[in-house]
Visitor: 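The structure under discussion is supplied below as structure tokens; questions concerning it will follow.
Chain naming here is simple, since letters A, B, ... match the order of the sequence lines and numbering starts at 1 in each.
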Protein chains: 2
Amino acid sequence: MQPDTKTTLLDIAEKAARSRGFDGFSYGDLAQAAGIRKASIHYHFATKAVLSAALMDRYHAAVEQVCADIEATHQSAADRLAALVRFYRDALCGGETLCLCVAFTISRDSLADDVKDKIVAFRSMMTTWITALFELGKRDGTISAISAPAAEAHATLAMLEGAHLAAHAEHDLTAFDKATEVLLAR
Amino acid sequence: MQPDTKTTLLDIAEKAARSRGFDGFSYGDLAQAAGIRKASIHYHFATKAVLSAALMDRYHAAVEQVCADIEATHQSAADRLAALVRFYRDALCGGETLCLCVAFTISRDSLADDVKDKIVAFRSMMTTWITALFELGKRDGTISAISAPAAEAHATLAMLEGAHLAAHAEHDLTAFDKATEVLLAR
DNA sequence: GTCTATACTGCGATAGAC
DNA sequence: GTCTATCGCAGTATAGAC
């Protein structure tokens with residue numbers, strides 16, 4: 001079954017937004033990639049603000065689902081952490097695409113208020129989940145030298161997003177691997 | 001002594017670029033802030049590519065100087081690391097501005113090739129310097145549990161840049177402090 | 001749901017007067 | 001060194017035919 005136009009547009013827009021940021025893609029770009037006229041996109045997403053809100057909603061839900069899947073398929077904290085790092089690594093697409101939340105953060109001044117709030121909500125969801133991961137790590141002992149789980153979580157999210165930036169800057173996954181080597185060795 | 005127009009323009013452009021990314025500011029914005037017409041800016045910087053290259057050159061030299069100053073004024077590895085974190089914290093301007101290298105990385109597709117190279121060169125300069133910091137830390141014992149200095153350096157730069165993103169996303173320095181708490185406790 | 005056509009604004013950049 | 005004026009193009013968005 002073919003995806004409908006709206007979904008296709010979201011897919012294309014997500015790729016574009018994660019590659020070039022909010023200010024770096026236009027309805028014209030999307031139209032060309034989707035094979036329709038740019039005016040037609042307004043039927044599906046009235047404004048770019050509406051489109052970016054839809055992108056964040058879908059992205060938030062998708063990543064939340066990935067976290068749930070990791071919990072279901074990996075028992076130890078160390079395995080879950082490794083799976084999370086692998087997810088971020090795969091999300092890079094060889095250095096082409098960043099986390100949507102990272103890409104939107106730089107264009108923050110161009111975003112609608114509700115989209116800014118969605119970025120904060122996404123980050124909160126992630127740090128909460130990673131905090132729980134480190135709390136498990138303290139109990140099961142599979143991750144070494146955990147201080148405060150919440151502090152570790154904020155540091156870990158920063159490191160993952162920073163590693164994304166590094167790989168994007170060099171268009172090379174090696175940069176991501178170097179930055180996460182210490183994290184994975186714990 | 002008043003700074004000349006070219007320096008004023010660089011100052012304004014740096015602030016704008018670090019707040020909103022390469023795609024997020026225009027000659028029109030700079031002209032308004034500088035109190036001249038946008039056509040006049042082309043006299044100082046023929047194209048936006050030339051301007052962004054000048055921004056990266058100046059930024060690279062300035063940060064390199066900061067690192068040298070830290071070496072001159074702080075003896076132990078732990079003190080130097082703390083000073084580096086403090087420098088990144090101050091560079092945030094309360095969450096408004098990012099590291100120029102971070103801000104440009106997202107707009108990478110809009111940059112001239114030589115500017116992309118300057119980003120890579122900046123990152124290389126930083127990781128080299130931080131690697132030396134951790135090598136000193138292994139010798140003087142003021143930083144705990146150092147594995148491979150180079151790996152620690154890549155992880156640390158990622159964490160600092162990720163912490164910058166976090167603070168920018170929330171427009172709140174608290175996010176930076178949370179992300180660097182673990183780093184400073186070492 | 002997609003099209004053509006268009007309105008309006010802003011962009012980077014150039015030419016030439018002063 | 002800065003100005004006015006302008007070019008050519010791309011941006012988001014809308015109106016209305018099909």
Side-chain angles (χ1 to χ4, degrees), chain A residues 1-56 103-104 106-116, chain B residues 1-56 100 103-104 106-116 118:
Chain A
M1 189 177 115
Q2 293 284 66
D4 60 14
T5 304
K6 192 163 186 170
T7 306
T8 302
L9 286 171
L10 280 174
D11 291 342
I12 295 170
E14 183 178 323
K15 178 108 191 258
R18 289 173 55 183
S19 301
R20 306 192 286 276
F22 180 81
D23 295 322
F25 77 96
S26 69
Y27 271 36
D29 298 332
L30 306 185
Q32 188 155 41
I36 59 176
R37 304 277 118 182
K38 62 177 178 167
S40 309
I41 301 177
H42 287 277
Y43 170 79
H44 300 282
F45 303 99
T47 67
K48 210 180 167 187
V50 169
L51 169 61
S52 54
L55 282 177
M56 274 305 300
F104 273 0
I106 280 79
S107 343
R108 192 177 185 277
D109 289 10
S110 305
L111 300 178
D113 285 343
D114 66 319
V115 181
K116 290 181 204 172
Chain B
M1 189 177 115
Q2 292 281 63
D4 61 12
T5 305
K6 192 162 186 170
T7 305
T8 303
L9 286 171
L10 280 174
D11 291 342
I12 295 170
E14 182 179 322
K15 177 109 190 255
R18 289 172 56 182
S19 300
R20 306 192 287 277
F22 180 82
D23 295 322
F25 77 96
S26 69
Y27 272 35
D29 298 332
L30 305 186
Q32 188 155 42
I36 59 175
R37 303 279 118 181
K38 64 174 181 167
S40 309
I41 301 178
H42 288 278
Y43 170 80
H44 300 281
F45 303 100
T47 66
K48 209 179 169 187
V50 169
L51 170 61
S52 53
L55 282 176
M56 274 305 299
L100 181 61
F104 272 1
I106 279 78
S107 343
R108 191 178 186 277
D109 289 10
S110 304
L111 300 178
D113 285 343
D114 66 319
V115 181
K116 290 182 205 171
K118 286 177 198 298

Visitor: Tabulate protein N/O versus nucleotide N/O from nucleotides 12-14 of chain D, keeping only pairs under 3.5 Å, one per line.
Guide:
unit_1: D/dT12; atom_1: OP1; unit_2: A/Lys48; atom_2: NZ; d: 3.4
unit_1: D/dT12; atom_1: OP2; unit_2: A/Tyr27; atom_2: N; d: 2.9
unit_1: D/dT12; atom_1: O4; unit_2: A/Lys38; atom_2: NZ; d: 3.4
unit_1: D/dA13; atom_1: OP2; unit_2: A/Lys48; atom_2: N; d: 2.9
unit_1: D/dA13; atom_1: N7; unit_2: A/His42; atom_2: NE2; d: 3.3

Visitor: Using the side-chain heavy atoms of A/His44, tell me which of these nucleotides is nearest: D/dT2, C/dG1, C/dC11.
Guide: C/dG1
Visitor: Spell out, as yes or no, whether a donor-acceptor pair under 3.5 Å connects the side chain of B/Lys118 to the backbone of B/Leu55.
Guide: no
Visitor: Write down the distance between CG (A/Leu30) and P (D/dG11), rounded to a whole number of angstrom.
Guide: 10 Å
Visitor: For B/Arg37 and D/dT4, what is the distance between atoms CZ and P respectively, to the nearest whole Å?
Guide: 5 Å
Visitor: Find the distance between CG (A/Asp23) and CG (A/Asp109) and round it off to the nearest 0.5 Å.
Guide: 9.0 Å
Visitor: Taking atom CG of B/Asp114 and atom OG of B/Ser52, what is their separation to the nearest 0.5 Å?
Guide: 7.0 Å
Visitor: Could you state the CG-P distance from A/Leu9 to C/dT2, rounded to the nearest angstrom?
Guide: 8 Å
Visitor: A/Tyr43 OH to C/dT2 C1': how many Å, rounded?
Guide: 10 Å
Visitor: If we count only N and O atoms by modelled type, under 3.5 Å, do the side chains of A/Thr7 and A/Asp4 hold a donor and an acceptor together?
Guide: yes
Visitor: Does C/dT2 have its OP1 or OP2 closer than 4.0 Å to a side-chain nitrogen or oxygen of A/Thr5?
Guide: yes
Visitor: Atom CG of A/Leu51 and atom P of D/dG11: how far apart are they, to the nearest Å?
Guide: 15 Å
Visitor: State whether the side chain of B/Tyr27 and the backbone N or O of B/Thr47 hold a donor-acceptor pair below 3.5 Å, judged by distance alone.
Guide: yes
Visitor: Where do N or O atoms of nucleotides 16-18 of chain C meet protein N or O atoms at under 3.5 Å, pair by pair?
Guide:
none

Visitor: Between atom CD of B/Glu14 and atom CZ of B/Phe25, what is the distance when rounded to the nearest 0.5 Å?
Guide: 10.5 Å
Visitor: Given atom CD1 of A/Ile36 and atom P of C/dT4, what is their separation to the nearest angstrom?
Guide: 12 Å
Visitor: Evaluate the ring planes of A/Phe22 and A/Phe104, with Trp represented by its six-membered ring, and classify them as parallel (under 30°), tilted (30 to 60°) or perpendicular (over 60°).
Guide: perpendicular
Visitor: From the options B/Leu51, B/Thr5, B/Leu30, select the one residue that forms a side-chain contact (heavy atoms from CB on, under 4.5 Å) with B/Ile41.
Guide: B/Leu30
Visitor: Does A/Lys6 make a cation-pi contact with A/Tyr43, if we ask for NZ or CZ under 6.0 Å from the ring centre and within 45° of the axis?
Guide: no
